[in-house]
S.K.: 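One structure is given below, represented as structure tokens, and several questions about it will come after.
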Amino acid sequence: MRDDPALLAVPIQGRFGLSPLTRRRIGVFRAHRRGFWSLWIFLILFVLSLFAEFIANDRPLAIRFAGHWYFPVLQDYSEDAFGPQFMPLEADYTDPDLRRAITAHGWMLWPAIPFSYDTIVKNLPSPAPSPPTWHNLLGTDDQARDVLARVIYGFRISVLFGFSLTAISSAVGIAAGAVQGFYGGLTDLLFQRFIEIWAGMPQLFLLIILSSIIEPNFWILLIFLLLFSWMSLTGLVRAEFLRGRNLDYVRAAKALGVSDGAVMWRHILPNAMVATLTFLPFTLSSSVTILASLDFLGFGMPPGSPSLGELVSQGKNNLQAPWLGITAFVVLGGVLTLLIFIGEAVRDAFDPRRTAP
């Protein structure tokens, strides 16, 4: 059976059931060259950072020893697995004796960067922090740790933290704004007074008190910041629901006996999400900045954790090592610039006045 010419003329998006409005938005987004390429660059960097252990690690990816396979990057091995002359301790693959014993009866496959974020680099050409070399492309910090490895791991933590904070806080904020705007009246009044009081809480002081009681980590910081960051989208969603609840099709659905939850979810929320989605890339960039700011002030991740904010702090404390400050500026500035360009493209895609070329 020959292909129908009319079917071949349909854009590929139409074959997957995308509406004309969605196709128009995709076309506008792709026409925004800065945002389109920024999205691809950001996705490539993020996906690569997810496999940081396979890119920067002080453990080999694979070992072939005495006819057996070992995968230290995935599993821990003791030193006596590579010879009876070693102790039954966790293998340190940077030990010259262990490396010679392995290479005498096999070989090792190392990552592109043979350092993890907490590896102490030995035999530096100068005292730490040492300048960039072919062995350490971005140099080392003041504790003799490879800067490039810490940037890769720190970028992953920052982006994952930003994604988690943005997704959860947006879901809570959208739900709160929907309830306020849909029911209005006393519900809206009480909710607004609560938000005004809650937004006035001194977040930094509370975080300082919290850090003096327990040591913050990824999950504690995420939960703490979620207590306050959910309010960023509440006002916008509330306004959309206040406007949408009086539209004719919403009144008709309620007159037909459709439940409040179904009306909110199926009839008002899709329209409210148009304005909300344009803010998400900017919310993500602010979430990344929050973690870096807390790490810079010393109230973020535990000491020793890979952190972009900690790298900024090291650049401030080691002005004689400009590569630290320059690296921190380029990485943070680059990430935020990519997210801002993506946000601009998303904003244009949802602008009804824009048309695809």
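Model, not experiment: these values are computed from the prediction.
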S.K.: Taking Arg145 as the fixed residue, which of Asn136, Ile120, Thr140 is the one that meets the side chain to side chain contact (heavy atoms under 4.5 Å, CB included) rule?
M.R.: Ile120
S.K.: Report whether Ile152 and Ile326 are members of the same hydrophobic cluster (ILVMFWY, side-chain heavy atoms less than 4.5 Å apart, transitive linking).
M.R.: no
S.K.: Please check if the side chain of Asp141 supplies one atom and the backbone of Ala144 the other of a donor-acceptor pair under 3.5 Å.
M.R.: yes
S.K.: Quick one: does any side-chain atom of Arg59 pair with a main-chain N or O of Pro72 as donor and acceptor, under 3.5 Å?
M.R.: yes
S.K.: Does Met201 have any side-chain contact (heavy atoms from CB on, under 4.5 Å) partners at least two apart in sequence or in another chain, and if so, which?
M.R.: Trp198, Leu206, Phe228
S.K.: With rounding to the nearest 0.5 Å, note down the distance linking OG1 in Thr327 to CG in Leu137.
M.R.: 10.5 Å
S.K.: Count the heavy atoms belonging to other residues, nucleotides or ligands that lie under 6.0 Å from CG of Asn246, then report whether that count exceeds 12.
M.R.: yes
S.K.: In terms of ring plane angle, is the pair Tyr70 and His68 parallel, tilted or perpendicular, where the classes change at 30° and 60°?
M.R.: perpendicular
S.K.: Is the distance between the ring centroids of Phe46 and Phe163 under 6.0 Å?
M.R.: yes
S.K.: CG of Asp80 to CG of Leu89: how many Å apart, nearest 0.5 Å?
M.R.: 8.5 Å
S.K.: Testing the 3.5 Å rule here: is there a donor-acceptor pair between the side chains of Gln192 and Glu196?
M.R.: no
S.K.: Using the benzene-type ring in the case of Trp, are the ring centres of Phe36 and Phe341 under 6.0 Å apart?
M.R.: no
S.K.: Keeping the roles fixed (side chain from Asn57, backbone from Ser116), state whether a donor-acceptor pair exists under 3.5 Å.
M.R.: no
S.K.: Taking the side chain as every heavy atom from C-beta outward, state whether Pro129 and Leu324 have any pair of such atoms under 4.5 Å apart.
M.R.: yes
S.K.: Within a 6.0 Å radius of atom CH2 on Trp69, are there more than 12 heavy atoms belonging to other residues, nucleotides or ligands?
M.R.: yes
S.K.: Checking side chain to side chain contact (heavy atoms under 4.5 Å, CB included) against Ile63, which of Tyr77, Tyr93, Trp107 comes through?
M.R.: Tyr93
S.K.: Where the side chain of Thr337 meets the backbone of Gly333, is there a donor-acceptor pair that is under 3.5 Å apart?
M.R.: yes
S.K.: What do the steps show when you test Glu79 against Arg99 for salt bridge (charged side-chain N to carboxylate O under 4.0 Å, His left out), and what is the final call?
M.R.: CA-CA 11 Å; Glu79 290 188 353; Arg99 298 178 71 163; over 6 Å; no
S.K.: Look at atom CH2 of Trp37 and say whether more than 12 heavy atoms of other residues, nucleotides or ligands are closer to it than 6.0 Å.
M.R.: no
S.K.: Taking atom CZ of Phe71 as the centre, report whether more than 12 heavy atoms of other residues, nucleotides or ligands fall under 6.0 Å from it.
M.R.: yes
S.K.: Go through it in stages, so that I can follow the logic: the residues are Arg193 and Asp188, the test is salt bridge (charged side-chain N to carboxylate O under 4.0 Å, His left out), and I'd like the CA-CA distance, side-chain angles, deciding distance and then a yes or no.
M.R.: CA-CA 9 Å; Arg193 301 293 80 78; Asp188 185 29; over 6 Å; no
S.K.: Using side chain to side chain donor-acceptor pair (under 3.5 Å) as the criterion, list what pairs up with Thr166, not counting sequence neighbours.
M.R.: Ser287
S.K.: Main chain of Val121, side chain of Thr119: is a donor-acceptor contact present, judged purely on distance under 3.5 Å?
M.R.: no
S.K.: Please walk me through it: do Arg251 and Asp248 pass salt bridge (charged side-chain N to carboxylate O under 4.0 Å, His left out)?
M.R.: CA-CA 5 Å; Arg251 291 185 175 183; Asp248 292 339; 5.3 Å; no
S.K.: Mind checking salt bridge (charged side-chain N to carboxylate O under 4.0 Å, His left out) for Glu53 and listing every partner two or more places apart, or none if nothing turns up?
M.R.: Arg156
